[in-house]
Each structure stands twice: as C-alpha cells, then as structure tokens.
Protein chains: 2
Amino acid sequence: MKDLPPKEPAAPEGRRTTIVTLSRQIGVAPSTISRALKGDTRISAETRARIARLAQEWGYTPHASARTLSSGRSGLIGVVLGPPTNPFYTGLLHEAVRQAAARGMRLLVIHAGAGAIEDMTADALLQYQVDGCLITSVELPSHVGAVCAANGVPVVMVNRVARLNSSAVTCDNRFGSRQLAELLLGQGRRRFALVRTSTSSSTGQERDQGFCDALADMGVERPLRLDGRSSHQGGFAAGQQIAALPVGERPDAVFAVSDVMAMGVIDALRMAGLSAPRDMAVVGFDGLPEAAWPHYDLTTVEQPLPAMIGRALDLLQARMADRSLPDETVSLRGRLVVRGSSG
Amino acid sequence: MKDLPPKEPAAPEGRRTTIVTLSRQIGVAPSTISRALKGDTRISAETRARIARLAQEWGYTPHASARTLSSGRSGLIGVVLGPPTNPFYTGLLHEAVRQAAARGMRLLVIHAGAGAIEDMTADALLQYQVDGCLITSVELPSHVGAVCAANGVPVVMVNRVARLNSSAVTCDNRFGSRQLAELLLGQGRRRFALVRTSTSSSTGQERDQGFCDALADMGVERPLRLDGRSSHQGGFAAGQQIAALPVGERPDAVFAVSDVMAMGVIDALRMAGLSAPRDMAVVGFDGLPEAAWPHYDLTTVEQPLPAMIGRALDLLQARMADRSLPDETVSLRGRLVVRGSSG
DNA sequence: ATCGGATGCGCAAACGTTAGCGCATAGGCT
DNA sequence: AGCCTATGCGCTAACGTTTGCGCATCCGAT
C-alpha cells in the first residue's frame with residue numbers, strides 16, 4: 001500500500017531526477033529515455049512502458065530550460081495584456097491560461113496595462129525564447145513586433161486587426177454591431193448616439209462602421225458621435241454629455257463600442273435621473289459577465305472568447321511547426337444577447 | 001548616420017549572437033564576457049566597458065534558458081491568480097507585472113481562476129525552475145505548496161494569511177475594518193449587517209472580526225450576518241435579502257467584506273428602490289478603482305497594493321538569495337477612503 | 001547461405017551560460 | 001633581488017535535453 005505520491009522516492013542526494021538518472025537505472029541510453037517519454041514509436045512499446053513506469057516511480061520532471069536550450073522550443077507564450085480598466089482582458093487572460101495549459105503551454109506575461117512597453121521588456125521575448133506571442137494590447141508595440149519578426153516568432157493579435165507580420169483573430173465586429181443596429185431600428189429607434197474610443201482602435205472603428213452602415217442602409221441619419229477613453233469613466237463622461245442634451249436633441253438609443261463604456265453610460269444616465277430602457281436604449285459590445293448584472297442588464301454582442309482563444313492558439317501552434325505559413329486573419333461571429341437595456 | 005537599432009548587425013548566418021560570438025570577436029574567454037556583463041569587479045573597468053560596447057553593437061541578448069540551466073536561477077516568478085470575478089486580482093497582476101519587470105523578473109502564470117489546480121499544472125513550477133511563487137488564490141493549492149516546499153522554492157501569499165512553508169503579505173484587515181466600524185458608529189449607526197464570503201478565507205474572517213470587535217467595544221449588538229460568494233453576484237444576493245427585510249428589521253449600515261460584494265449590495269438595494277447613503281450606509285474593503293465610480297461612490301479601505309507587491313517581491317528575493325530565511329508575515333495598513341456611500 | 005530492409009537503440013555533439021579553480025603578470029614590501 | 005599579495009583572466013566542467021547518424025540484430029525473402 002505504498003500510496004505516497006512520487007515524492008523524491010529514491011533521489012537521496014537531493015539531486016534532481018534527470019533523464020540520465022533514469023537511463024542509468026534501467027540501462028538504456030539517455031536518448032532512448034528522451035524519445036520514449038515523448039512517445040517515439042522507434043522505441044518498442046514495452047520499453048516505452050517500462051520507461052514511463054520508471055519515470056513515474058522516480059518522480060521525473062523534465063527540465064524546461066534544458067529542453068529549450070537543446071531544441072529551441074520553450075513551451076512559453078509571451079502575452080501582452082490590455083489595460084485593467086476593461087474586464088474583457090481579464091476574462092481573456094483566464095481563458096488563455098486555461099487553454100494554454102491544456103495544450104502544455106504556459107503564459108509568460110511580458111507586459112500588462114496601457115503604458116508603452118519598454119525595449120528592455122520586449123527583450124524578454126528573446127531571452128526566454130517564447131514560441132509565440134499573444135497580443136491584446138491596443139496596438140502592436142513596435143519593438144515587440146520587430147523583435148518577433150526578426151526572430152521568426154509568430155504573433156497573433158486577439159481582438160485586434162492584424163498588423164504587419166502577425167495573424168489575428170477577432171470577433172466579427174461589423175456584423176455584430178449591424179445586428180445591434182438592426183435590433184434598435186426594428187424597435188423604431190431613429191435618433192442614435194455612438195460612444196467611441198478616442199484612441200481609434202481597429203476594433204472600435206469596425207464597430208462604428210458596422211453600426212453606421214446599418215443605419216445608412218435604412219436611410220437613418222448619422223449618429224451623434226462622442227469619444228472617450230475605453231473605460232467606465234470614458235463611457236460615464238459620454239453619458240453625462242448625453243444626459244445634458246436638451247430633451248429635443250436627445251437620442252433614443254446609444255451604442256457604446258464596448259461594454260465597459262456602455263456601463264459607464266448607463267450609470268451616468270441614471271445619476272442624471274434618466275433610465276436605461278425607459279428614456280433611451282443602451283447597447284454595448286463584448287459580452288462581459290458584468291453586463292449581465294441585473295443593474296445593467298445590458299444588451300450586447302458576446303464575443304466567443306473560448307473559441308477565439310482556441311483559434312488563436314491554433315494559429316500560433318501551426319506557425320511554430322511551420323514558420324513559413326502565411327499570416328492569417330480569422331473573424332468569428334459573436335452572439336447577440338438581448339437584455340433589458342435595449343427596451 | 002548609422003542610426004539603425006542593433007538589428008543583427010553582423011550575425012550573417014542568422015545565428016544568434018552568443019557570449020562566445022563576443023568572446024571570439026574581442027579575444028577574451030567566454031567566462032570573462034559573462035562576468036563582465038554582470039559587472040563583476042574582478043574584470044577591469046575598461047575591459048568591462050569594451051565588452052559592454054561590443055555586446056551593444058552586436059545586439060547580444062542573453063539566453064535565459066542557458067542561464068537557468070547553468071545557474072539554477074530562472075528569473076521567473078510563478079503566479080497563481082484569484083478568480084476574475086474580483087477585479088482586485090486584476091489590479092494585483094498588473095502591479096506585479098510592472099514591479100517584477102523593474103526588478104528584471106517575469107511572471108509565469110501557473111493558474112488563474114477559481115478552479116482547483118491540477119497536479120500537471122503545478123509541475124510547471126518545477127519544469128521552469130521558478131525562483132519563487134506568488135499566490136493570491138483563496139487557498140494555497142496543496143500540491144503547489146508541496147512542490148515548492150520540497151524544492152526549496154520560496155512562496156509568498158498576497159492578501160492571504162501564511163500557510164505552512166510560506167511567507168505572506170496582507171493588508172491589516174482587522175485594523176481596516178475597525179476603522180470602518182468606528183466611522184459608522186461615529187455617525188450613530190447601531191444596526192449592522194455584515195456581508196461575508198461563504199468560503200471562509202482568512203482575509204474575510206479577519207475583516208469580520210475586526211469589525212465585530214469594534215462593535216463589541218461599543219456594546220453594539222452583533223450584526224446580522226449574510227454569506228455569499230465573493231463576487232458582485234454574491235453581494236447582490238445579500239443585498240436582495242437585506243432589502244426584503246421588514247422595515248423595522250433593516251440595518252442602518254452594511255459592511256461587505258470586499259468591494260465587489262459591496263457593489264453588489266448597492267446595486268441590489270437600488271433595484272429594490274433603496275439607496276445607498278439614504279436608506280442605509282454601505283461600506284466595502286479593498287479600494288478597487290471601481291469603488292470610486294460616481295455610481296457607487298463607495299466608502300472603503302484601500303489596500304496599499306503597490307507597497308504590498310513591493311514587499312512581496314522583497315520577501316521573495318531575500319529568500320531566493322538565502323533559502324534558510326524563516327517565513328515572514330507582513331501586514332500593511334490600508335487607507336480609509338470616505339466617500340458618499342457611508343452617508 | 002546471402003542479402004535487404006526493418007526494427008530498436010546507442011553515440012556524441014550540440015545548445016549558451018555559469019562558476020570553481022588556477023595561472024600568469026605586476027607591483028609593493030623587506 | 002626575492003617573496004607575497006593583488007589584480008585580471010582563462011580553462012574546463014558542468015547543467016539536462018535533443019537529434020542526426022550509425023550500428024547492431026532479427027526477420028523473411030531469394
């Protein structure tokens with residue numbers, strides 16, 4: 001009944017159990033151990049089984065650095081994360097951690113937040129030999145892009161349009177915002193306001209265009225445009241402006257290009273004594289968990305985050321295996337989630 | 001005017017510039033390069049300067065894996081991150097990334113979220129030879145603890161009490177919630193509700209106790225206790241219960257042990273037609289940026305996050321340098337931030 | 001009996017850095 | 001002039017894995 005986990009069962013000198021420890025135990029070459037452990041069929045099935053058992057018994061753990069040094073592959077994905085003011089990035093990180101782990105990869109956080117990325121920081125990509133890079137920041141930091149390109153490190157942007165030397169996976173922003181527009185138009189709304197981000201991200205622009213195109217198709221006049229930071233505060237400020245409009249000029253529907261901003265709008269309206277579905281419809285985009293809070297009850301388009309991360313990792317892994325693959329952009333359709341805020 | 005950044009200036013064969021590339025260029029031993037680059041004073045100042053210049057010229061980037069393999073130090077900090085439902089962890093991550101980078105270290109995200117951590121995942125700690133571990137999860141995942149302890153990897157818990165084989169840095173929860181209690185008592189509030197987390201984290205318990213002790217000191221009866229998940233939803237549910245109380249039994253102040261929960265409480269009250277400072281005071285704990293939103297305007301105790309992360313990294317680095325250092329717990333005082341929600 | 005090809009594994013050279021010794025050279029001291 | 005201590009580097013052996021070859025052995029086919 002030796003049920004103990006393989007806790008240094010026979011590594012007496014406190015030295016790590018390595019591939020040669022095993023090789024000496026069992027009387028085969030280290031290379032055989034290495035191959036057996038990764039399932040190389042050139043090694044007979046029974047030898048592989050014996051080796052697997054031995055490794056288990058001795059609590060063998062591969063040494064990632066040694067593998068990296070020898071093979072050039074680190075199993076690490078460099079991540080540049082967007083600002084904390086948008087919970088979307090938080091969800092994205094969590095999903096990425098989970099899925100990467102399932103594929104045997106880990107996330108190395110290179111940079112997080114809004115600030116510019118320093119060159120020194122970007123060098124970590126090289127130092128740690130990341131196999132690929134996941135970027136969700138507003139813009140592909142130039143130095144990171146250069147470093148990756150110069151070293152053949154594949155880059156995938158998530159929720160951003162592709163730049164030079166990068167693939168990308170996004171939500172179908174145009175289609176999504178068109179759906180929102182059509183929903184509102186179908187309700188008879190005709191006076192629109194559009195709350196956008198001042199830093200014109202590709203995502204924001206696409207949502208803007210998709211929405212406005214749908215309005216144009218119906219011959220509805222262009223919406224009132226308000227710009228602000230992509231955060232609750234940005235939306236809040238826009239909401240205050242909207243609330244301050246003379247009653248006659250008030251829109252009957254407002255589309256904020258991100259859920260956080262929409263939440264800000266709602267809060268601002270409320271503080272001005274206006275209410276989300278009653279005085280005007282408010283819709284957002286992203287599908288944050290927060291948008292479902294009863295207090296917001298926000299109609300939005302939910303980005304298919306798990307699928308997006310999955311595709312992003314697919315793209316990355318494909319390009320790790322074959323560096324010559326051309327850049328690719330995939331866009332996935334989101335799901336319109338109709339809640340109370342749209343009336 | 002050769003202003004180009006050191007972009008493979010002379011690495012013709014696409015081979016990485018290594019320490020021996022440099023050593024051959026300049027005619028010294030590789031070991032000398034290594035020592036010079038890390039400022040070893042045994043190398044003359046002028047040689048060091050020459051080498052530094054050469055390295056710059058050739059765009060030399062150290063190979064982290066090689067260093068790790070040889071020296072045993074990876075420059076990596078393993079991170080276990082709490083659930084995405086509490087923005088506190090997001091802020092913590094951002095701060096940690098920034099400060100770690102400033103100290104030349106990177107964050108390897110081992111696990112994120114509420115789910116249990118798998119053994120395989122924990123093994124990444126060993127594989128990548130992390131120098132230390134930062135844990136903010138609710139409880140120290142047992143396997144992670146075991147792995148770290150067995151391999152002498154220092155562990156620091158943040159916002160959690162220390163477990164066996166770990167140091168910790170927390171906010172002074174008792175003092176903070178006492179301050180909140182005294183603030184409310186000073187206003188004449190006497191009927192209290194306490195919204196707690198059902199999973200009894202050390203943090204939650206301490207805040208509970210600090211608050212109740214202060215009440216007891218004033219001879220005020222024990223508060224009504226409501227338990228829920230540590231999220232907006234948990235707080236929301238508690239808020240609904242409070243709102244549903246007969247008017248005579250309603251508290252005149254509620255303390256939610258975290259800001260997210262307090263936000264949930266406020267939203268629930270509001271949906272029931274009650275309002276935060278008017279019908280009862282609501283206070284939280286953490287000092288989230290979200291708490292400052294005009295819509296919440298939440299009185300809270302702000303955890304000194306930058307200082308906490310700083311101390312956590314201090315503890316970690318000290319224990320990397322000297323593994324024999326005893327575990328240490330430091331608690332830092334937060335700052336009472338009085339806003340509108342407390343009336 | 002001989003040959004040809006699988007099948008199964010071993011050899012040894014990388015990968016880039018670090019660190020324990022050890023060996024010169026130079027200068028100051030007696 | 002000889003000895004001693006710095007000062008400044010070089011040698012070399014790790015660190016643990018991977019991988020391109022290459023070499024046996026064994027099987028069946030000729």
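Here the structure is a predicted model, which is why all the values come from computation and not from measurement. Order of the sequence lines sets the chain letters (A, B, ...), proteins ahead of strands, with each chain counted from 1.
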**Prompt:** Sub-3.5 Å donor-acceptor pair from the side chain of B/Q99 to the main-chain atoms of B/P306, do we have one?
**Reply:** yes
**Terminal contacting nucleotides, 5' and 3', DNA chain C versus chain A (heavy atom, 4.0 Å)** = C/dG8 to C/dG16
**Complete:** Nucleotide by nucleotide, nucleotides 17-24 of chain D touches protein heavy atoms under 4.0 Å in the pattern (B base, S sugar-phosphate only, - none) BBBBB---
**Asked** Less than 4.5 Å apart, any side-chain heavy atom of A/L93 and any of B/L93?
**Response** yes
**Prompt:** Got A/R16 and B/N151 here, is their nearest side-chain heavy-atom distance under 4.5 Å?
**Reply:** no
**Complete:** B/I26 atom CD1 is separated from D/dC9 atom P, nearest whole Å, by 10 Å
**Message:** Counting C-beta onward and ignoring hydrogens, is there a side-chain heavy-atom pair between A/R160 and A/I135 closer than 4.5 Å?
**Reply:** no
**Item:** Relative orientation of the end axes in the helix from C/dA1-D/dT30 to C/dT30-D/dA1, expressed as an angle to the nearest 10° (five pairs per end)
**Value:** 50°
**Request:** Give the C-alpha distance, both sets of side-chain angles, the deciding distance and a yes or no for side-chain contact (heavy atoms from CB on, under 4.5 Å) between A/Q56 and A/R53.
**Result:** CA-CA 5 Å; A/Q56 171 76 22; A/R53 212 173 326 115; 5.6 Å; no
**Fill in**
Here the distance between atom C1' of D/dG16 and atom CG of A/L22, to the nearest Å, is 12 Å
**Item:** Listed partners of B/R42 passing side-chain contact (heavy atoms from CB on, under 4.5 Å), at least two apart
**Value:** B/R35, B/D40
**Prompt:** Looking at A/L305 and A/F88, what are the two nearest heavy atoms and their distance?
**Reply:** CD1-CZ, 4.1 Å
**Request:** Just call it for A/T47: base, sugar-phosphate, or nothing, with non-hydrogen atoms closer than 4.0 Å on any strand.
**Result:** sugar-phosphate
**Prompt:** Relative to the 5' end of DNA chain D, which residue comes earlier, B/E46 or B/L69, by the nucleotide with the nearest heavy atom?
**Reply:** B/E46
**Request:** Give, for atom CD of B/E95 and atom CE of B/M308, the distance between the pair rounded to the nearest 0.5 Å.
**Result:** 11.0 Å
**Request:** With sequence neighbours excluded, give me every side-chain hydrogen bond (donor to acceptor under 3.5 Å, both in side chains) pair touching residues 305-315 of chain A.
**Result:** A/R103-A/D314, A/R311-A/D314
**Message:** Suppose we screen for side-chain contact (heavy atoms from CB on, under 4.5 Å). Which residues come up paired with A/V130, at least two apart in sequence or across chains?
**Reply:** A/L76, A/L108, A/L125, A/V153
